[in-house]
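Comments concern the structure below.
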Amino acid sequence: MADATLNVGQLGEPSGTKPKRTFSRRNIILYGTLIVIAMYYLLPLYVMVVTSLKGMPEIRLGNIFAPPVEITFEPWAKAWATACTGLNCDGLSRGFWNSVQITIPSVIISIAIASVNGYALANWRFKGADVFFTILIFGAFIPYQVMLYPMVILLREMGIYGTLTGLVIVHTIFGMPILTLLFRNYFTSIPEELFKAARVDGAGFWSIYLKIMLPMSLPIFVVAMILQITGIWNDFLFGVVYTKPDIYPMTVQLNNIVNSVQGVKEYNVNMAATILTGLVPLTVYFISGKLFVRGIAAGAVKG
Amino acid sequence: MANVSVKNLVLNFGSVEVLRDLNIEIPSGEFLVLLGASGCGKSTLLNCIAGLLDITEGQIFIGDKNVTWSEPKDRDIGMVFQSYALYPQMTVEGNLSFGLKNAGLGKQDIEQRIARAAEILQIEPLLKRKPSALSGGQRQRVAIGRALVRDVDVFLFDEPLSNLDAKLRADLRVEIKRLHQTLKNTMIYVTHDQIEAMTLADRIAIMKQGIVQQLDTPYAIYNSPVNKYVAGFIGSPEMNFFDGKLAGAKADGFEVEGKKISLKGYDFADAPRQAGQGACLGVRPEQVVVGSAAKAMPVKAKATVELVEPMGADTLVWSNFAGKPFRFLMEGTAQIGIGDKLDIGFDPAKANLFDAETELRL
C-alpha cells in the first residue's frame, strides 16, 4: 500500500497494489446515494425520538425537527404504565406481556413443525411429497382475508376462539407455508451423501434430524426466527380478529392508544408508545444480525 | 465374511431404465470394481446394494441373506462416499462412534473399536479434531474408519478417491489395497478411473448404460476385451482401431485400405466369421515396437511423426497408419521430433479383432 505508491513514484511505472483514489466519481455517487437513502429512513425515527422526549407545550411550537429543550421521560412512563385504552388504564405493559405470550410459543411451535416438514420433504421423498409440497406452497399465496371467517368458525367450534391458545394456533398455521419452503430449500442444499452416510450408520428419521441436520442448520433457524418474531410481533389483523380486549397484543393496544378520539392528542406519548412497540423487532434485528452473519460463516466451512 | 449376489436387478426412474436385468455374483473376500463412464449406472448399483435406493425388480443377497427389502443398517455394510460425508459438527471420534452408538454398543466396546480402527488407518492424533480441520486425505481415512469400526462384512466405496489430488490418490489407493489384504472383506468399489480399477480389483465389471459389458479379471479385460467398447474404454492411451474387413479363404486375414495383414497366431473367438465380413482391428499403443526390433514383426510400416506427447516414463507418438491416426508408445528417453521417419511394427496375433456391426470380439 505505502510501498505501492512508493514504487510508482520511484520507477514511474505500475507495480504492486493499484492505488485507489478516495474521492473518485464512483465513490462519491455510491456513498452519496447510500447516505441519502439512510437519511430518508432515519429521519422519521429521529422525529419520533425527539418528539417523545418533549413536553406538550414544546410540541405545540411546531418545530418538529428541533431537539428537545427540556428532556422529559414522562411520556415514556405514561405510554408504558398509565395510558388508557378503553376501560384499562395500565398502558402498553399489558399488551407487551400479551404479545410475549403470543410470540414465544408461536415462534417455537411453528419453527419446530416447519423444520421437520422441510426435512421430511427434502430428504425422505415419501409418496405424494410433491403434491403435499405444492398444496403447502399454494397456501402461501391465498390472501389472509379469505381465511379469516372460516378460521373464526373453526376456533369457535374448538372452543378456543378469543383465547391466546387460538391465536398461537393461527400464527403457527399461517407461518407454515413460507417456513416449510425455507427449511426444505436449506435441507436440500445439504449434501445428500451426508444423509446417506447417516442411514448406513443406522440413524433413523428423528436421529438424523436431531443429530445431523439440526446442528448444521443454525443459520436457517436464525433466519426463520427473525421472520417469525418480527412477523408475529407486528401482526395486527389476527390479533384484533382472534382475541378480545383483555388479551389484545401490543400492536392492537398501540392502535387504540394512538387513535383514541377523546381529549388532547398527546403526540409525545404516542411516539413513545410506538417506539416501545417497535423495540422488540428492532432488538431482534440488532442481536441476530451478528449471529446471522456468524452462522453463515460457520456454515460455509464444509466438513 | 459374506458373498454378495445381485439377481435380475432392474431399476427404473420413471420411464428411464437405469439398470437392466443385472446379475453379479461376488464371492466372499473379493475386491470387485465397478468401472464405467459417468451415467453408466455404477453408483446407482452401489446405492441399490447399500439399500439407499429402492429397486424395481430383482433380488439382492448379502451373505446368503435376502436383503432386498432390508434397511441399510441391517445389511452389514459400510459405505465410503466421494465427498467423505463426515458429520461436520462432530469430532473424528464422534464420527466414528455415531454408527456404534446407534447400534447400541457399550462404551468400552466403542472405545476399543475406535482405537483399533484409528491404529489401522493411522488417525490416532486426529481423533479430537473436527472434519473441517482435516486435509482431504485425512478426511477420507476417517470416512473409511467409519465403515471399519462397524465391523461390517461388505465395504462399499463410491468413488472414494475422486476428490483427492493425484499424489494422495495414489497413496490412498495403495492403502485401500493393503486394507483389503489385511481384512479380507468383500469390497465393492465404484470408480471411473481405470488405473484404480486395474490396480485394486480382483475382478472388474465394466458397465455401460446399465448393463455389465464384461466381468472378469483385470488381465482378461485388458488382454481380451469382449467388445469394442471395453477395448476402447480400458487402456490409456487408447487403443488404435482400424475399420476393414476379413480376408483370405478361412477368413484368417484382415484387409484395411488395400493393406493385407495376416492374423496368423491370433486366438479367434468361437464366433462364426467369413471373408469379406466387416471387422475392426484394435492395436494397443504399447504393442507397437519401433526401430530395428520392428523388422522382426509380422506387420511393418514406415511412420512419420506428427505429434509428440512426452509423459516422462513414456513418450506417446502420433502418426498415421492405413489412412488413420495411429498412436504408439516409445521410451521416454527417445529423442524424436516432428517429421521424423520411424520403422514401426506390431504382432497382429496379440491384437484384438471385433465384428464391425455387433462390435463383439472375433
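Numbered from 1 within each chain, the chains take letters A, B, ... in sequence-line order.
- Considering only heavy-atom pairs separated by less than 4.5 Å from chain A, the leading option among Met90(B), Arg146(B), Arg75(B), Lys101(B) is Arg146(B).
- Between chain B and the residues Gly202(A), Gly204(A), Ser207(A), the largest count of heavy-atom pairs under 4.5 Å involves Gly202(A).
- Asn47(B) touches chain A through its side chain: at least one heavy atom from C-beta onward sits under 4.5 Å away, while N, CA, C and O do not.
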Hey, mind stepping through Lys211(A) and Asn102(B) against side-chain contact (heavy atoms from CB on, under 4.5 Å) and telling me if it holds?
CA-CA 11 Å; Lys211(A) 290 182 186 150; Asn102(B) 285 330; 4.2 Å; yes
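- When all heavy atoms are compared, the tightest approach of Ile176(B) to Pro160(B) is CD1-CG, 4.5 Å.
- Taking all atoms of both residues into account, the shortest heavy-atom contact from Pro281(A) to Asn234(A) is CG-OD1, 3.6 Å.
- Only the side chain of Glu71(B) comes within contact range of chain A, with at least one heavy atom under 4.5 Å from a heavy atom of that chain.
- Judged as a side-chain hydrogen bond (donor to acceptor under 3.5 Å, both in side chains), and not counting sequence neighbours, the contacts of Ser115(A) are Tyr209(A).
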